[in-house]
Amino acid sequence: MRSSTLFGRTLREAPAEAELVSHRLMLRAGLMRRLAAGIYSYLPLGWRVMRNIEAIIREEMDAIGGQEINMPVVHPAEIWQESGRWYEVGPELARFKDRGGRDLVLGMTHEEVVTDLARREVDSHRQLPFMVYQLQTKFRDEPRPRGGLIRVREFVMKDAYSFHHHQEGLDAYYPQVCRAYINICRRSGLDVVMVASDVGMMGGTGAHEFMLVSEAGEDTLLICSQCGYAANREVAVLGKTPASPVATGELRAVETPGMRDIPGVAAFLGVTPSQTLKTLVFVAGDQLVLACIRGDLEVNERKLANLLKVAETRLAGEAEARSLGLVPGYVSPVGLTGYRIVADDSVPKAGALVAGANREDHHFTGAGYGRDFVAGLVGDIAAARAQDPCASCGNGLEMTRGIEVGNTFKLGVKYSRALKAVYLDAAGQELPVVMGCYGLGVGRLAACIVEKHHDERGIIWPVTVAPYHVYLMTVGDEEEVVLAAQDLYTELQAHGIPVLYDDREVSAGVKFNDADLLGFPVRATVSKRNLRAGAVEVKRRRDTEAFRVPVDSVVDSIEQTLAQEAAAYTVR
RNA sequence: CGGGGUGUAGCGCAGCUUGGUAGCGCGCAUGGUUUGGGACCAUGAGGCCCCGGGUUCAAAUCCCGGCGCCCCGACCA
């Protein structure tokens, strides 16, 4: 490709809308352009990157037995009603009607469609297991798109779906997909961490996310550098060794004037926060819930919602709590009846605690779980924080931000049961197929690569995804220079090397700067100066030094350099 | 959906406080001189100053109401 005919141009200054490095560079390099919030067009250079990433994805999915298919973007409402998500998913699911007034949706994910396909095609256990995948555009009406391609509304996603006879089959296959995901990221130049995650709207029995550790990330991760435990904050567990449990003594009411928070009460009564009971008032659906936890810990609302099996919870306001007969600042389950109470599993083990007395300016001391109060539901609802002990090894957890590039879910039979995707086993028994689903954001992967591979001058593409491998340019417009450059251009192409030839009539500085901005792995410069010495200058994007290479061995030299670059991104 | 910011030429911005018919840099076009890190000279094109309403002799500027976009939060496979 010649620069003079390449569609799209570079920008000297980034549009004011862009803040993230990847966003700025991708706009400046002319990879993409915004059409509306979270909706982008891909220009030739950007689309080549996308295609390169897709090629890697195809290889890795095929390697674990995947079969590529393509499913519709527009779905009839019926299958979404069958799965129940028509009613569960909010406005991020774009809905519209066709001319006949029938309800349709824009596919934001394809569990319904693929399950419908499976129920039509699969009758027998002999047809299982299998995995299908597609690379396709999704639309999700996100409440807040941001950061260029980091969070968009329309995006290319690789989504894969596996179908097994039993949970054991899925359990055995699942790690292969995870391995493939790690490979895809590695080959694209990204080291990602696999973290345990919430199942969210997908439902199912287990899930992981593949995260690029980055300040630009939207998720918070807790990682143990000692044993390797890693989880999204939404589900991260922490060790809850009792600080210093006090044997349960007598339950006594004491005056605690104006002491409405844990640190205040603990200090006033001379105990540690871990010897107090914190009780928070939540609204879960149409129900009021009192959530109890040891005073030094905090409630994780995601975990609470999961334990209660509701979509979400929210903290009740003071006035709201008061109107329901509670005394904010002094709420506790001790002596209360008629309320739904849940407790973190730290509470029953905590011994005697200081708890609210449900009256102004009073607390109880010596409150013991089982004797003075109980909860209808006990489980892990504690929020893991930085420095909390790791649940498996006790080491301090580290907290970082991460960008989710992909995720994997063990769906189980949620969709196959709802849509009746069943098969007959060898004994003639009818069983629902056991499903898994696996998503990967192609554009987000591209943005992450730029986020990790750049310097102050521009992008530094890994050769595996670079739009072109060589940036060929001239300095000066003497005939000998132009002819030599054209020869080299032809020769590189003959060797199958993707090359962009900057044949524009602009000053050398412009070309050098664009070469750095676009970030192809190798730059080749033909100039009168070097030609006189029978040489062409070759420079790696990530190096600062350039080398003179004899004209007749330039192509060999470039091929070797590219091979070295590629070696850094191979797996196995 | 809450909080903050912003909207003037393709991009980056000034002008708005104090109303008087729109400007700078880059980019673009043409001609010429240039060519190892975003060259120089000359000429030129390009604007529903986000939209609607109001105040006024007169609105980019003041007032009211919308909308777009960005950031933080809520939310998010």
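Here is the naming used below: chain letters follow the sequence lines, and residue numbers restart at 1 for every chain. Values below: all heavy atoms of this structure, side chains included; hydrogens, waters and symmetry mates excluded.
Atom P of nucleotide B/A77 and atom CD of A/Glu209 are separated by 9 Å, given to the nearest angstrom. Summarising the geometry, the separation between CD on A/Glu218 and C1' on B/A74 is reported as 13 Å, rounded to the nearest angstrom. Regarding A/Glu301, its CD atom lies at a distance of 14 Å from the C1' atom of B/G73, rounded to whole Å. Spacing between atom CE of A/Met435 and atom P of B/A77 amounts to 17 Å, rounded to whole angstrom units. Taking atom CZ on A/Arg233 and atom P on B/G73, their separation rounds to 10 Å, with Å as the unit. When rounded to the nearest whole Å, the span between CG of A/Asn407 and P of B/A77 equals 9 Å. For the pair A/Ile150 CD1 and B/C76 C1', the interatomic distance rounds to 15 Å; values are reported in whole Å.
As judged by a 4.0 angstrom heavy-atom cut-off over every strand, A/Pro15 is placed among residues touching the sugar-phosphate backbone only. Among the atoms of the strands shown, base atoms are found under 4.0 Å from some heavy atom of A/Phe155.
Nearest heavy atom pair, residue A/Phe7 against residue A/Pro44, reads O-CD, 3.4 Å.
The aromatic rings of A/Tyr438 and A/Tyr173 stand perpendicular to each other, their planes meeting at an angle above 60°, with 30° marking the opposite boundary.
Comparing the C1' positions of B/G65 and B/U55 gives an interatomic distance of 15 Å, to the nearest angstrom.
With a 4.5 Å cut-off on side-chain heavy atoms, A/Met157 and A/His110 do not count as touching. Side-chain contact between A/Leu518 and A/Ile459 is absent, with no heavy atoms from C-beta onward closer than 4.5 Å.
Every salt bridge (Lys or Arg N to Asp or Glu O under 4.0 Å) that A/Glu537 has, sequence neighbours left out, goes to A/Arg523. Taking the side chain to side chain donor-acceptor pair (under 3.5 Å) definition, one finds that A/Arg28 meets it with nothing, sequence neighbours left out. With sequence neighbours excluded, the residues satisfying ring-ring contact (aromatic ring centres under 6.0 Å, His included) with A/Phe130 are A/Phe163.
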At a cut-off of 3.5 Å, list every protein nitrogen or oxygen paired with a nitrogen or oxygen from nucleotides 47-50 of chain B, distance to 0.1 Å.
none

Got a list of protein N/O to nucleotides 68-70 of chain B N/O distances below 3.5 Å?
from, atom 1, to, atom 2, distance (Å)
B/C69, OP1, A/Ala37, N, 3.0

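Contact annotation: A/Arg144 side-chain N/O to B/C72 OP1/OP2 distance is under 4.0 Å.
Across the strands present, B/G27 finds no partner; the criterion is a Watson-Crick or G-U wobble pair with both atom distances under 3.5 angstrom.
Residues A/Lys511 and A/Thr474 bring a donor and an acceptor atom of their side chains to less than 3.5 Å of each other.
Within 6.0 Å of CZ in A/Arg33 there are more than 12 heavy atoms belonging to other residues, nucleotides or ligands.
For A/Asn300 (side chain) and A/Arg233 (main-chain N/O), a donor-acceptor pair under 3.5 Å exists by modelled atom type.
One finds no salt bridge joining A/Lys158 and A/Glu60 here, because no Lys/Arg side-chain nitrogen approaches an Asp/Glu carboxylate oxygen to under 4.0 Å.
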Task: Footprint string (nucleotides 23-43 of chain B, 5' to 3'): B base within contact, S backbone only, - free, heavy atoms under 4.0 Å - done: --BSS-------BBBBS----
